[in-house]
Amino acid sequence: MKVCEKVQRKGTTSYNEVADELVAEFSAADSHILPSESAYDQKNIRRRVYDALNVLMAMNIISKEKKEIKWIGLPTNSAQECQSLEVERQRRLERIKQKQSQLQELILQQIAFKNLVQRNRQVEQQASRPPPPNSVIHLPFIIVNTSKKTVIDCSISNDKFEYLFNFDNTFEIHDDIEVLKRMGMACGLESGSCSPEDLRVARSLVPKALEPYVTEMAQGSLGGVFVASAVSTSNGTRLSASDLANGADGALATSSSGSQYSGSRVETPVSCVGEDDEDDEDFNENEEED
């Protein structure tokens with residue numbers, strides 16, 4: 001029980017650490033014992049610690065990799081274990097749902113950007129010249145929409161990296177991805193209104209491995225969650241210059257009333273790496289001499 005309690009309290013430990021602490025505790029309690037007897041008792045204690053750790057490992061209460069001992073947990077009854085597994089299952093399902101939403105949004109972004117590039121190239125070819133500089137909006141950008149009667153006070157930091165807007169009325173914020181969707185650059189996938197021709201175009205704008213996902217999105221069978229959230233607020237909104245002016249070739253953006261802000265620009269999801277199965281090893285009695 002003492003060995004079990006020590007490993008549980010530490011979480012991660014080693015044979016020598018547990019044995020040294022127990023030897024110190026028992027030696028302090030038996031200070032009147034002769035030195036020769038004390039040496040014998042210390043070796044005996046260390047052997048009992050070794051035996052106890054092997055028993056705990058056989059019962060799957062602890063695990064061991066090389067010299068590192070980790071606490072797993074005391075055995076539970078079937079009902080508790082079932083409940084624990086159900087909680088873990090729900091957690092993992094929620095994580096899968098989250099990853100599906102991220103994947104869907106990243107696919108929409110790629111389709112919208114590539115569609116925009118193709119459209120701009122066609123416009124340049126038809127005009128036989130690049131667009132005038134004052135007609136270009138660089139990505140990424142943010143559009144702030146409010147009433148004409150709204151009084152807006154704008155403050156800019158000295159380094160021009162931070163802008164503080166104070167509104168005396170409600171307003172809406174639209175990012176570039178939301179604007180591109182409203183311009184039809186996502187082929188209607190974001191709203192589930194993708195025609196067969198739009199689906200063909202959308203599939204041609206993604207890598208071949210992602211084509212089945214685009215088809216599922218068009219059919220509304222990929223997670224069934226479209227990432228969009230409305231924002232209506234006032235006073236003290238802080239925007240950075242990197243949000244307002246940065247990045248690649250531009251797009252012609254059109255504003256519309258009643259639109260919503262979408263926090264749609266997401267980071268590339270990190271791949272989930274599973275833990276390697278640990279090969280249980282028996283304790284080596286030679287560790288007593290380490």
Side-chain angles (χ1 to χ4, degrees), residues 1-33 35-106 209-210 213 216 221-225 227 266-290:
M1 287 303 297
K2 282 187 174 291
V3 171
C4 185
E5 287 169 3
K6 280 201 174 292
V7 179
Q8 182 179 13
R9 188 168 63 250
K10 292 177 179 296
T12 301
T13 184
S14 66
Y15 162 77
N16 282 328
E17 186 177 16
V18 174
D20 289 344
E21 288 188 13
L22 286 174
V23 165
E25 288 177 14
F26 281 105
S27 296
D30 297 331
S31 55
H32 61 282
I33 295 179
S36 58
E37 294 177 353
S38 176
Y40 172 80
D41 282 345
Q42 286 183 17
K43 190 168 184 179
N44 191 39
I45 291 169
R46 299 182 75 86
R47 186 169 294 280
R48 297 291 72 77
V49 170
Y50 162 78
D51 292 338
L53 288 173
N54 271 321
V55 171
L56 293 175
M57 189 175 72
M59 296 175 67
N60 203 34
I61 294 174
I62 64 171
S63 67
K64 178 175 181 292
E65 185 176 356
K66 295 183 178 177
K67 294 185 178 181
E68 188 178 72
I69 299 168
K70 289 185 178 180
W71 176 260
I72 296 175
L74 294 170
T76 58
N77 60 42
S78 297
Q80 288 175 323
E81 191 171 354
C82 182
Q83 185 179 11
S84 175
L85 289 173
E86 183 60 31
V87 170
E88 177 65 15
R89 176 177 175 274
Q90 290 301 323
R91 188 186 69 80
R92 295 195 178 213
L93 285 174
E94 187 60 34
R95 182 172 173 79
I96 290 170
K97 188 176 178 182
Q98 237 176 19
K99 293 294 183 183
Q100 284 178 334
S101 294
Q102 287 182 328
L103 173 62
Q104 178 172 304
E105 192 56 45
L106 287 169
L210 293 178
Y213 291 99
E216 288 183 35
S221 57
L222 181 63
V225 179
V227 180
V266 298
E267 295 180 357
T268 304
V270 179
S271 59
C272 182
V273 181
E275 295 180 358
D276 294 333
D277 293 335
E278 295 181 354
D279 295 328
D280 288 342
E281 301 173 5
D282 288 337
F283 290 94
N284 188 346
E285 290 191 55
N286 292 332
E287 288 181 358
E288 295 178 17
E289 308 303 327
D290 292 344

Original post:
Between the side chain of Lys64 and the main-chain N/O of Lys66, is any donor-acceptor distance below 3.5 Å?
Top reply: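 Yes; judged by distance alone, with no hydrogens or angles, the pair exists.
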
Please round to the nearest 0.5 Å and tell me the distance separating atom [atom1] of [X] and atom [atom2] of [Y].
X: Arg46; Y: Asp20; atom1: CZ; atom2: CG; answer: 5.0 Å
X: Glu25; Y: Lys2; atom1: CD; atom2: NZ; answer: 5.5 Å
X: Gln104; Y: Glu216; atom1: CD; atom2: CD; answer: 10.0 Å
X: Ile62; Y: Leu56; atom1: CD1; atom2: CG; answer: 5.0 Å

**OP:** Kindly determine whether Lys6 and Thr13 satisfy side-chain contact (heavy atoms from CB on, under 4.5 Å), including the steps that lead there.
**Re:** CA-CA 9 Å; Lys6 280 201 174 292; Thr13 184; over 6 Å; no

Original post:
Pick one: which of Val18, Thr12, Ile72, Ile61 meets side chain to side chain contact (heavy atoms under 4.5 Å, CB included) with Val7?
Top reply: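 Among Val18, Thr12, Ile72, Ile61, the one that satisfies the side chain to side chain contact (heavy atoms under 4.5 Å, CB included) with Val7 is Val18.
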
Original post:
Do Gln98 and Glu94 meet the criterion of a side-chain donor-acceptor pair at a distance under 3.5 Å?
Top reply: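 No donor-acceptor contact under 3.5 Å links the two side chains.
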
Original post:
Is the count of non-hydrogen atoms from other residues, nucleotides or ligands lying under 6.0 Å from Arg48 atom CZ greater than 12?
Top reply: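 More than 12 heavy atoms, drawn from other residues, nucleotides or ligands, come within 6.0 Å of this atom.
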
Original post:
Is there a side-chain contact between Lys97 and Leu93 (heavy atoms, below 4.5 Å)?
Top reply: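 Side-chain contact under 4.5 Å: no.
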
Subject >> For Leu74 against Cys4, the heavy-atom pair lying closest together >> reply: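 Smallest interatomic distance, heavy atoms only, reads CD2-SG, 4.0 Å.
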
**OP:** Start with the C-alpha distance between Glu21 and Lys10, add both sets of side-chain angles, then the distance that settles side-chain contact (heavy atoms from CB on, under 4.5 Å), and finish with yes or no.
**Re:** CA-CA 12 Å; Glu21 288 188 13; Lys10 292 177 179 296; 2.7 Å; yes

Subject >> Counterpart residues, side chain to side chain contact (heavy atoms under 4.5 Å, CB included), relative to Glu5 (two or more places apart) >> reply: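 Glu5 satisfies side chain to side chain contact (heavy atoms under 4.5 Å, CB included) with Met1 only.
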
